[in-house]
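Letters go in sequence order (proteins before strands), and every chain restarts at 1.
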Amino acid sequence: MASGDGGLLSASHIVEYPYRRSTGPVMGRFFAALRDRRFEGVKTARGRVLVPPTEYDPQTGEAADEMVPVGPGGVVTTWAWVSHPRAKHPLNHPFAWALIQLDGADTAMLHAVDTGVESAMQTGMRVTPRWRAQTVGSINDVACFEPEGTS
Amino acid sequence: MRDVAIVSTAQMTNVRREQRRNEVEMLMPVVQEAVKRSGIPKGDIGFTCSGSCDYLAGQPFAFVSALDAIGAWPPISESHVEMDGAWALYEAWVKIQTGQADSALVYSFGKSSMGDVPDVLNLQLDPYYLSPLGIDSISLAALQARAFLEKTQYTERDLAKVAVRSRKSAKDNPNAQLAGDFDLEKLLAEPYLVSPLRVHDCAPISDGAVAVVLAADDTARNACERPAWITGIDHRIEPHQPGVRDLSESPSTALAGAKAGVASGGIEVAELYAPFTHQELILRDALGLDASTSINPSGGALAANAIMVAGLTRIAEVANRIQWGSIGRGLAHATSGPCLQQNLVCVLEAK
């Protein structure tokens with residue numbers, strides 16, 4: 001306990017939910033592929049490829065379990081420019097959030113795009129992932145995406 | 001189906017930060033006022049249902065302590081949704097339809113100032129693909145706003161007009177937090193918060209509470225001269241992943257509106273829960289509303305946006321106008337989840 005302004009007692013309160021979750025057969029495959037620096041999507045009975053993959057087709061509810069390789073490049077379908085990143089954001093300098101449709105996918109995944117300046121962002125632009133040095137099977141194994149041909 | 005009506009409402013005046021009172025103290029006068037106005041003895045109310053978000057207080061089962069504002073002895077039949085109070089009202093409406101109750105008290109409270117709302121709302125996202133990225137609610141809305149602006153004829157000027165109109169309307173709403181006359185050109189000259197959204201495109205952060213009393217058939221007719229009858233209520237949900245949907249439109253709102261019978265008569269007033277300016281335009285189009293409908297005469301969520309309160313408040317605002325005799329038919333809308341993921345439409349009528 002610390003005494004704040006006006007003699008009020010204050011204490012930090014950290015909310016934690018220390019659960020472990022099983023990711024299941026479809027998300028588990030997606031995260032295992034990320035660990036190997038690859039992307040996989042799931043093909044539905046209607047032939048659509050969902051990335052990020054789910055165990056069901058959100059339009060029909062039918063089960064989906066056929067994994068197919070996608071990416072690594074993709075196209076920005078919409079984006080938002082963050083000039084003042086928040087503490088929990090993945091980059092600590094100005095960047096874009098974007099929905100990215102990976103090559104071979106019919107849906108888009110959320111991630112960050114690092115272009116340095118807003119004027120370099122455009123819907124329809126091609127981007128490619130920047131992988132972390134250490135991958136653990138998490139969506140954050142991709143540090144961010146960057147314009148194709150940057151590195 | 002039983003005829004169910006809203007017979008009374010009460011609201012707390014929304015503020016940016018309620019310094020002195022805890023949630024129970026915020027709720028107590030609101031609940032007492034709604035029950036008193038209904039004329040139904042408190043002990044006769046058959047069901048109580050509330051909506052709130054435990055993440056605001058950062059305590060599991062935080063909603064249970066709110067029952068101190070109601071009084072739960074002798075035991076009452078009670079339920080809670082971790083959602084906006086509009087969905088608590090839906091549960092109460094279903095309960096009355098089953099015949100288990102003839103009346104219900106519905107309330108919600110949100111002391112949003114206790115946390116960082118854009119970050120708190122990250123916790124409603126899936127824990128695998130979205131939440132670990134650290135995205136906040138304003139950034140998600142901005143992704144939707146750009147998709148909307150690029151796929152339609154609307155412009156950033158149209159968004160700013162929504163903000164100007166809402167905050168002007170709010171001058172007539174004693175419970176609004178953010179009201180006044182704003183200059184369109186000055187707003188458009190402001191920098192982006194998260195491009196393409198500016199500060200004026202976003203709802204304020206508010207502490208607030210609202211309560212509503214529902215009653216069926218003759219209980220409603222005896223309670224109030226001009227009950228606001230719920231002639232249609234429906235809610236629909238879209239996939240959670242924003243990249244699976246076309247963010248520039250709201251098919252779940254359109255479907256809920258059709259099921260609630262929006263098109264079977266004129267809509268004099270529509271209270272739409274749009275915490276971001278572009279969302280009002282998406283909702284208007286999804287519900288087929290034209291210039292003959294007055295949109296958000298209360299100022300809407302852009303004038304006050306207490307988390308889990310603003311949706312039920314929309315229903316209360318329409319019900320009030322029917323009870324005052326100023327309109328005969330209106331609709332209220334509530335939303336939940338990122339980028340208008342889930343939507344509820346409620347049609348209210350005088351009879």
Side-chain angles (χ1 to χ4, degrees), chain A residues 13-17 19 21 23-24 26-28 30-31 48 50-54 56-59 74 76-91 94-102 105-112 118 121-124 137-142 144, chain B residues 54-60 62 114-116 118-120 122-123 125-151 191-198 201 237-248 251 276 278 338-339 341:
Chain A
H13 174 50
I14 297 168
V15 182
E16 285 181 299
Y17 294 90
Y19 305 129
R21 297 188 191 87
T23 51
V26 171
M27 285 190 290
F30 177 80
F31 288 120
R48 279 165 58 82
L50 309 178
V51 182
T54 47
Y56 55 91
D57 181 335
Q59 266 170 312
V76 169
T77 62
T78 186
W79 55 279
W81 186 258
V82 179
S83 40
H84 300 286
R86 304 171 71 89
K88 290 177 180 162
H89 283 174
L91 295 169
F95 72 98
W97 289 109
L99 289 175
I100 298 157
Q101 192 170 338
L102 295 180
D106 292 297
T107 63
M109 63 180 284
L110 177 71
H111 223 291
E118 182 174 5
M121 282 302 303
Q122 207 180 351
T123 300
S138 147
I139 194 72
N140 286 306
D141 285 348
V142 179
C144 61
Chain B
D54 282 2
Y55 283 99
L56 291 178
Q59 283 180 307
M114 290 192 296
D116 186 330
D119 279 344
V120 169
N122 167 281
L123 298 171
L125 303 172
D126 91 65
Y128 311 101
Y129 298 139
L130 298 175
S131 183
L133 290 168
I135 194 165
D136 59 282
S137 55
I138 297 170
S139 295
L140 275 162
L143 285 168
Q144 180 182 37
R146 188 175 312 276
F148 174 70
L149 291 171
E150 291 188 344
K151 282 187 184 162
Y192 291 113
L193 181 61
V194 178
S195 146
L197 295 178
R198 297 178 174 86
D201 291 310
I237 195 162
E238 292 175 50
H240 184 72
Q241 293 298 321
V244 175
R245 311 195 256 141
D246 179 348
L247 295 177
S248 69
F276 298 93
H278 66 278
C339 303
Q341 187 202 355

* To do: Drop me the distance from A:Thr107's OG1 to B:Arg245's CZ, to the nearest 0.5 angstrom.
  => 13.0 Å

* Spacing of OG belonging to B:Ser131 relative to CG belonging to A:Leu110, to within rounding of 0.5 Å -> 11.0 Å

* Asked: Is the A:Phe30 ring parallel, tilted or perpendicular to the B:Tyr129 ring (thresholds 30°, 60°)?
  -> perpendicular

* Evaluate the ring planes of A:Phe95 and A:His89, with Trp represented by its six-membered ring, and classify them as parallel (under 30°), tilted (30 to 60°) or perpendicular (over 60°). => perpendicular

* Asked: Side chain, backbone, both or neither: which part of B:Leu193 has a heavy atom under 4.5 Å from chain A?
  -> backbone

Segment of [X] engaging chain B (4.5 angstrom heavy-atom cut-off):
X        : answer
A:His111 : both
A:Ala105 : neither
A:Pro94  : neither
A:Met27  : both
A:Gln101 : neither

* What residue, out of B:Leu133, B:Leu130, B:Asp136, B:Val244, has the most heavy-atom pairs lying under 4.5 Å from chain A? ->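 Ranked by contacts with chain A, first place is B:Leu133.
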
* Structure fact -> Interface check, chain A: of B:Ala141, B:Pro191, B:Gly58, B:Pro239, most non-hydrogen pairs under 4.5 Å belong to B:Gly58

* What option among A:Trp81, A:Phe31, A:Trp97 has the most heavy-atom pairs under 4.5 Å with chain B? ->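 Of the candidates given, the most pairs with chain B belong to A:Trp97.
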
Side chain of [X], backbone of [Y]: donor and acceptor closer than 3.5 Å?
X        : Y        : answer
B:Asn122 : B:Ile135 : yes
A:Asn140 : B:Pro132 : yes
A:Thr78  : A:Leu99  : no

